[in-house]
Number of protein chains: 2
Amino acid sequence: MSYTYDYPHPAVTADICIFSIRDGKLHVLLIKRLVDPFKDSWAIPGGFIKMDEDLIDGARRELEEETGVADVPLEQLGAYGTPDRDPRERVITVAFMALVPSDQMVLAAATDAADARWFDMDDLPKLAFDHDRILADARERLAHKVTNRVTETARAAFQFLPEKFTLAQAQAVFETLKGEDLDKRNFRKWIAANWDLVDLKEKTTGGRHRPAALYSVEF
Amino acid sequence: MSYTYDYPHPAVTADICIFSIRDGKLHVLLIKRLVDPFKDSWAIPGGFIKMDEDLIDGARRELEEETGVADVPLEQLGAYGTPDRDPRERVITVAFMALVPSDQMVLAAATDAADARWFDMDDLPKLAFDHDRILADARERLAHKVTNRVTETARAAFQFLPEKFTLAQAQAVFETLKGEDLDKRNFRKWIAANWDLVDLKEKTTGGRHRPAALYSVEF
DNA sequence: CTAGTAAGTGTCATATATACATTATAAACA
DNA sequence: TGTTTATAATGTATATATGACACTTACTAG
């Protein structure tokens with residue numbers, strides 16, 4: 001009996017959907033591919049799993065190599081393995097996702113990708129492989145996670161708010177992540193019931209309207 | 001530029017957790033391994049994905065080859081790829097699960113496994129690889145799916161009931177699948193609200209107690 | 001006819017979701 | 001200074017889901 005499995009092996013990659021809010025709109029981090037297939041196409045970052053690294057570690061490494069983005073709390077989305085999803089050879093990919101702040105983030109595309117940029121989710125380019133499907137699945141999952149219970153993902157939403165924020169700002173963030181408008185009064189009830197808001201007893205100034213109360217969160 | 005990716009490739013398998021109720025207890029379908037590693041150990045069925053088949057098709061094929069079980073509605077659980085989960089070489093597995101009736105099912109282990117048997121989930125043998133972890137994840141998912149909304153999995157629960165069943169029988173099935181006891185009155189409210197039960201105007205006989213009304217379901 | 005056993009049934013409290021309209025307060029401007 | 005404009009702030013009613021909880025009914029066996 002031989003000591004290696006005598007079956008042909010597919011390639012295995014990890015692909016990562018990184019979401020952020022920029023300019024009040026949901027964005028996703030895409031890279032421009034450096035090599036064929038789909039050279040010069042946009043794609044979600046990802047690459048080959050090394051033989052000695054765990055799937056999530058491979059995902060983290062590829063993400064950093066292609067975009068410079070590090071230290072994000074990835075969550076597995078699932079495996080995608082339609083036989084012809086890669087025109088070169090059989091490639092099975094394990095998809096991950098995360099929600100991160102991106103303002104002070106410096107994208108470093110140089111090494112393993114021709115470019116790395118944030119794209120508005122409402123204005124996406126044509127994507128390589130089956131990445132449009134993976135991304136759609138991730139988008140759906142994001143919307144569910146953001147309000148359904150107090151998950152890591154929901155907590156990440158507050159990263160898009162300044163230290164001191166108004167409830168209107170918070171509502172805008174959650175609306176962006178969910179992809180739908182929320183009722184103001186119901187949102188305020190929800191956030192007060194589910195998060196530990198501190199009323200800072202300060203108000204905004206300068207607006208041509210009634211000033212808003214400022215809050216901070218404690219986790 | 002070469003036409004194949006010059007990275008080493010891991011092996012990729014599909015592993016399948018098949019649940020059923022037998023004797024009123026939750027069981028899982030395991031196979032006895034025919035070859036090393038873990039020769040003669042029990043394991044959840046599974047095997048190598050072929051180069052031209054989709055993940056779910058590979059899972060279905062392996063399941064049939066190793067157990068004789070066919071035509072089950074598999075759902076993907078996720079990918080497991082810890083580097084040393086297989087002592088021989090790097091193997092990444094994609095796990096699937098399903099809930100099926102098993103009474104008239106004939107297990108045919110002969111071909112690709114030394115044996116195939118149903119095991120009581122409360123009396124499992126030591127499992128090969130990391131299959132205990134995969135199985136634990138599947139068990140948890142099953143419990144959630146059975147009552148949370150009207151899913152395929154929830155519908156499958158009725159397969160464990162005869163054409164005409166009492167509400168007590170139905171409750172027993174759902175208790176087994178959830179792994180916890182349910183309140184009789186609350187269960188009756190729930191099943192009446194969520195399923196289309198037909199009161200057959202018949203009653204059981206022969207019990208040393210008050211006869212029970214018989215129902216059937218319509219989907 | 002009595003004992004045993006499982007069937008059958010309703011209410012209250014709590015939590016969550018959703019719909020919906022008016023008043024309050026500051027800045028800008030005439 | 002007072003009028004306009006823009007956003008902030010607030011409460012109630014309804015519907016639905018969840019979970020706790022105890023007594024009466026009806027058959028069988030002895």
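Proteins get letters first, then strands, A, B, ... in listed order; numbering begins at 1 in each.
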Any Arg185(B) side-chain N or O less than 4.0 Å from OP1/OP2 of dC21(D)
no
Between Glu53(B) (side chain only) and Lys50(B) (backbone N and O only), is there a donor and an acceptor less than 3.5 Å apart?
yes
Using ring-ring contact (aromatic ring centres under 6.0 Å, His included), reason through Phe158(B) and Phe219(B) one step at a time and then give a plain yes or no.
CA-CA 10 Å; Phe158(B) 287 94; Phe219(B) 292 112; 5.8 Å; yes
Tell me if the side-chain of Lys184(A) makes a donor-acceptor pair with the base of dT7(D), cut-off 3.5 Å, by modelled atom types.
no
Selected nucleotide, minimal atom distance to Arg188(A) side chain, candidates dA9(D), dG11(D), dG8(C):
dA9(D)
On a heavy-atom basis, which atom in Asp112(A) and which in Glu65(A) lie closest, and how many Å separate them?
OD2-OE1, 3.3 Å
For Leu197(A) and dA9(D), give me the distance from atom CG to atom C1', rounded to whole Å.
15 Å
Show your reasoning for whether salt bridge (charged side-chain N to carboxylate O under 4.0 Å, His left out) applies to Arg60(A) and Asp57(A).
CA-CA 5 Å; Arg60(A) 257 193 280 269; Asp57(A) 296 329; 3.5 Å; yes
Trp190(B) and Phe174(B) aromatic ring geometry - parallel, tilted or perpendicular at 30°/60° bounds
perpendicular
When all nucleic acid strands are considered with a 4.0 Å heavy-atom cut-off, which category describes Ala168(B): base, sugar-phosphate, or nothing?
sugar-phosphate
Just the rounded figure in Å: distance from P of dG10(C) to CZ of Phe187(B).
18 Å
Counting only N and O atoms by type, is there a donor-acceptor contact under 3.5 Å from the side chain of Glu163(B) to the main-chain atoms of Ser216(B)?
no
Integer-rounded Å distance: dA7(C) C1' and Glu202(B) CD:
17 Å
Below 3.5 Å, does any donor atom in the side chain of Lys189(B) face an acceptor in the base of dT11(C), or the other way round?
yes
Whichever of Gln169(A) and Ala193(B) has the more 5' nearest nucleotide on DNA chain D, that residue is Gln169(A)
In whole angstrom, what separates Leu167(B)'s CG from dT9(C)'s P?
8 Å
Whole angstrom value for the distance that separates P of dA8(D) from CD1 of Ile191(A):
14 Å
Mark yes or no: Arg185(B) above the aromatic ring of Phe187(B), with NZ or CZ under 6.0 Å from the six-membered ring centre and no more than 45 degrees from the axis.
no
Quick one: Asn186(B) CG to dT11(C) P, roughly how many Å, whole number?
14 Å
Measure distances between side-chain N and O atoms of Lys203(A) and base N and O atoms of dT25(C), and say whether any donor-acceptor pair falls under 3.5 Å.
no
Whole-Å distance, Asp183(B) CG to dG10(C) C1', equals 12 Å
Roughly how many Å is it from CD in Gln171(A) to P in dT7(D), rounded to a whole number?
13 Å
In numerical order, the residues of residues 206-219 of chain A whose heavy atoms come under 4.0 Å of DNA chain D are Arg208(A), His209(A), Arg210(A), Pro211(A), Ala212(A), Ala213(A)
